[in-house]
J.: 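Before anything else, here's the structure in question.
Just so it is clear: chains get the letters A, B, ... in the order the sequence lines come, proteins before strands, and each one is counted from 1.
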Amino acid sequence: MRVLQLHSDWIEYKPVKKEITTAEKCEKKRYRFEDLLVLFVSIEEGDNQKVAEKLIDEVEDFMKKIKANKILIYPYAHLSNNLAKPATALKLLRAMEKYAKQKGIETHRTPFGWCKKFSLSIKGHPLAEQLRVIEPKGKKGKVEDRVSEALKAEEKLKSFWYIIKPDGKMVPVDKFDFSKHKGLEKLARYEIAKSRVVQQVPPHVKLMRKLEIADYEPGSDPGNFRWYPKGALIKSLLEQYVTAKTVEYGAMEVETPVMYDFHHPTLAKYLDRFPARQYVVKSEDKELFLRFSACFGQFLMAHDTQISYRHLPLRIYELTRYSFRREKSGELVGLRRLRAFTMPDCHALCADLEQAKREMIQRFDLCVEILEEGLGLVKGEDYELAIRFTKDFYEENRDFINALIKRMNEPALVEMWEQRFFYFILKWEFNFIDNLDKASALSTDQIDVENGERYGITYIDEKAEKKNPLILHCSPSGAIERCIYAMLEKAYRQQMEGKPPMLPLWLSPTQIRIIPLSDSFLSYAEKMANEIEKNCIRVDIDDRALTMQKKVREAETEWIPYIVVIGKKEVESEILPVRDRKKGKIRRMKLRKLIREIKKETADKPFKPLTLPKHLSQRPQFYG
RNA sequence: GCCCCCGUAGCCUAGCUGGUUAAGGCGUCAGCCUUGUAAGCUGAAGAUCCCGGGUUCGAAUCCCGGCGGGGGCUCCA
């Protein structure tokens, strides 16, 4: 509630014309009051009786000071752009009037719903003009939580847990021998027992800052990160890679809006089927939510697309930058869980279950390839398969489920539901297990049996009839940020095992560091760097006035894969001492051989040039 | 949201059984050194000790409140 309070010598007003049909009755004559407090009142959304009474209490206190005892309550809409409904406003205005009268204040009120003309004379003292703003209790600008039906129901859902072995044998979790499957045991414990008691900062959080990849941004909402140049480069390369692989598989890349109408009928229903919280944004009279995946935009697009059975399976892909999930504040952990994240999201419209199953196998292979060849993760060691489905689905499609597990050739954790609650009948994920034994999903795929119909997505079948397709939802890599989390956690584990921690070569911001022994070798180093750059390899030169030992040390702490020191011997012989991080030794070779080796290892990966100054002396320090 | 923890210079930390001018390391800057594979030397700058209130002769230190951050609980990338 907002009130403009004017201590006036007099006010005159005259109702001119009704503005709304529910306007109060009154005479169209001139009214005049003298020596009083005029209260121009805007009743706002969320105001209530308490607010109304509080306002009068405050006014009463004030009037005691200035020794006045007459007020005029004047409904005045122009103080707010968040007005309450007229019915509520009128109710509260009347309540204020009644409450003030009870306190013994001489109270008048102008009619509600009228266009009035008025003139008044304000007393000249310092306290004569005041604005009062009273907020309902507990409001404080907060939008109330919207908890989807799926989120509520999830708590009641009953699950049965099993392990299915590569040979197709299904055993209850508690009967399975985990001795050779420690990762799977951790996943099972994590998913089922839900006991997570570790109290420490996950290793990747320190690494992401130390390596100047990403950092918290206290100036934003938690879970919205800043990305330093090296991190932005790594992230961008990963994005390019996943996109390229997904397009290669046959997906059409599109781009769709990040925000959608909360009250769009189709979307509202879908929101209720997805267990997530949204950010809400207001725009004019609309209430919008920020997307938590690419489903909305792609489905709305598919709805308007002419599709024949010949086009199926139809694959649509978008790299969402960003997807937003307003996770509860205490849930956010470094790069593992964010509120704004980049998720590749690929849907496939399929004619029927048989086609969907065939398609899912293809996508499964795509996901394995991205994790293993792209991120350098190893199944059974870094990540585990979890499959979730309904009992009915299992009974009718046992062979298919076993085929998926056979492909992985590792036992998989299974969650089986008695009945379907979610919009999918089967879902699988690859779960990364980190150094604190926590599991988080990377790649995932689902068979959705509801949204084809809900979104009115149709294709024309062989008999020229309209049909709703099944929809597969896949994130081939999982969130890009989470991929970086997984690689950092893996690197940390390797360090603990006595191996040098590092990122895959194609993602290392600097691939070769050249260290000239003194300034006199700088020009030779520059020449070398140019040659290397021509071959699409990221190189930099440590030209700072430091000792060679110190420069080597810093290059090592930056996890640079190849370090080359240049001095008199190298200039004369052209044989380079290449400090190879992975092999842990210095290998002597010609520049050409080093270039060839790197190009070979990064051959099928995207390349981007270094986005930092080539000379270390020109680089600012972003962290520490 | 609930529970726990934390808040001292760009970063990491000391001081926190109250008591001179808040200490050190890293980094930054200036100068020297021109280096042979993981830390060269000297000097300088840099701190509203998160904010507000209280207790006290005296608060970075104790108490209360707030703000900010992190971690845990639920698991959707």
J.: Using the P atom on both, measure B/C62 against B/A38 and round to a whole Å.
T.: 45 Å
J.: Between A/Glu558 and A/Lys230, does any NZ, NE, NH1 or NH2 come within less than 4.0 Å of an OD or OE carboxylate oxygen?
T.: yes
J.: When you measure from the side-chain N and O atoms of A/Lys206 to the phosphate of B/G71, is any distance below 4.0 Å, counting only OP1 and OP2?
T.: no
J.: To the nearest Å, how far apart are A/Leu335 CG and B/G71 C1'?
T.: 16 Å
J.: Pick from A/Arg513, A/Lys551, A/Arg579: which one makes a side chain to side chain donor-acceptor pair (under 3.5 Å) with A/Glu556?
T.: A/Arg579
J.: Using a strict threshold of under 4.0 Å (side-chain N to carboxylate O), is an ion pair present between A/Lys582 and A/Asp580?
T.: no
J.: Among A/Cys474, A/Ser477, A/Ser475, find the residue that satisfies the side-chain contact (heavy atoms from CB on, under 4.5 Å) test when tested with A/Cys367.
T.: A/Cys474
J.: Is the Lys NZ or Arg CZ of A/Lys391 less than 6.0 Å from the centre of A/Trp417's six-membered ring, within 45° of the axis?
T.: no
J.: With a 3.5 Å distance limit and no angle check, can you tell me whether A/Glu327 reaches the backbone of A/Arg337 through a side-chain donor-acceptor pair?
T.: no
J.: Using the P atoms only, state how far B/C16 lies from B/C63, rounded to an integer number of Å.
T.: 15 Å
J.: For B/C2, give the paired nucleotide (Watson-Crick: N1-N3 plus N6-O4 or O6-N4; G-U: N1-O2 and O6-N3; both under 3.5 Å), or none.
T.: B/G72
J.: Is A/Glu239 paired with A/Lys235 through a side-chain N to carboxylate O contact shorter than 4.0 Å?
T.: yes
J.: May I have the distance from A/Lys438 (atom NZ) to B/G72 (atom C1'), rounded to whole angstrom?
T.: 8 Å
J.: One character per nucleotide, please: for nucleotides 31-39 of chain B, 5' to 3', B when the base has a protein heavy atom closer than 4.0 Å, S when only the sugar-phosphate does, - otherwise.
T.: --BBBBBBB
J.: Please state the P separation for the pair B/U8 and B/U48 - nearest whole angstrom.
T.: 11 Å
J.: How far, in whole Å, is B/C51 from B/C57 if one measures between their P atoms?
T.: 24 Å
J.: Whole angstrom is fine here: how far is it from CG in A/Leu442 over to P in B/C75?
T.: 18 Å
J.: In whole angstrom, give me the gap between the C1' atoms of B/A22 and B/C49.
T.: 8 Å
J.: Are A/Tyr216 and B/G69 stacked, counting the six-membered base ring, centres under 5.5 Å, planes under 30°?
T.: no
J.: Which whole-number value in Å describes the distance from A/Leu375 CG to B/A77 C1'?
T.: 13 Å
J.: Rounded to whole Å, please give me the gap between CD1 in A/Ile433 and P in B/C75.
T.: 15 Å
J.: Figure out the CZ/P separation between A/Arg363 and B/A77, and round it to whole Å.
T.: 14 Å
J.: Over all strands shown, is A/Gly223 touching base, sugar-phosphate only, or nothing at heavy-atom distances under 4.0 angstrom?
T.: nothing
J.: Quick check: are there more than 12 heavy atoms from other residues, nucleotides or ligands sitting under 6.0 Å from CD of A/Glu255?
T.: no
J.: Once you apply the 3.5 Å cut-off to both distances, tell me the Watson-Crick or G-U wobble partner of B/U61, or none.
T.: none
J.: In chain order, what residues pass the ring pair (Phe, Tyr, Trp, His ring centres under 6.0 Å) check against A/Tyr249, with sequence neighbours excluded?
T.: none
J.: My understanding is that a pair needs two contacts under 3.5 Å, Watson-Crick or G-U wobble. By that rule, which nucleotide pairs with B/G43?
T.: B/C29
J.: Determine the interatomic distance between P on B/A77 and the same-named atom on B/G15; round to the nearest Å.
T.: 45 Å
J.: Across the strands shown, which category fits A/Lys427 at heavy-atom distances under 4.0 angstrom: base, sugar-phosphate, nothing?
T.: sugar-phosphate
J.: Round to a whole Å and report the spacing from CE of A/Met208 to C1' of B/C11.
T.: 14 Å
J.: Taking for each residue the nucleotide of RNA chain B bearing the nearest heavy atom, is the 5' side occupied by A/Gly334 or by A/Ala441?
T.: A/Gly334
J.: Distance check, P atoms only: B/A45 and B/G36, in whole angstrom units.
T.: 33 Å
J.: Taking CG from A/Asp434 and P from B/A77, how many angstroms apart are they, rounded to a whole number?
T.: 17 Å
J.: Please give the distance between the C1' atoms of B/G7 and B/A14 as a whole number of Å.
T.: 16 Å
J.: Please check the phosphate of B/U74 (OP1 and OP2 only) for any side-chain N or O of A/Tyr190 closer than 4.0 Å.
T.: no
J.: Give A/Tyr623 one of three labels, base, sugar-phosphate or nothing, depending on what nucleic acid heavy atoms sit under 4.0 Å from its own.
T.: sugar-phosphate
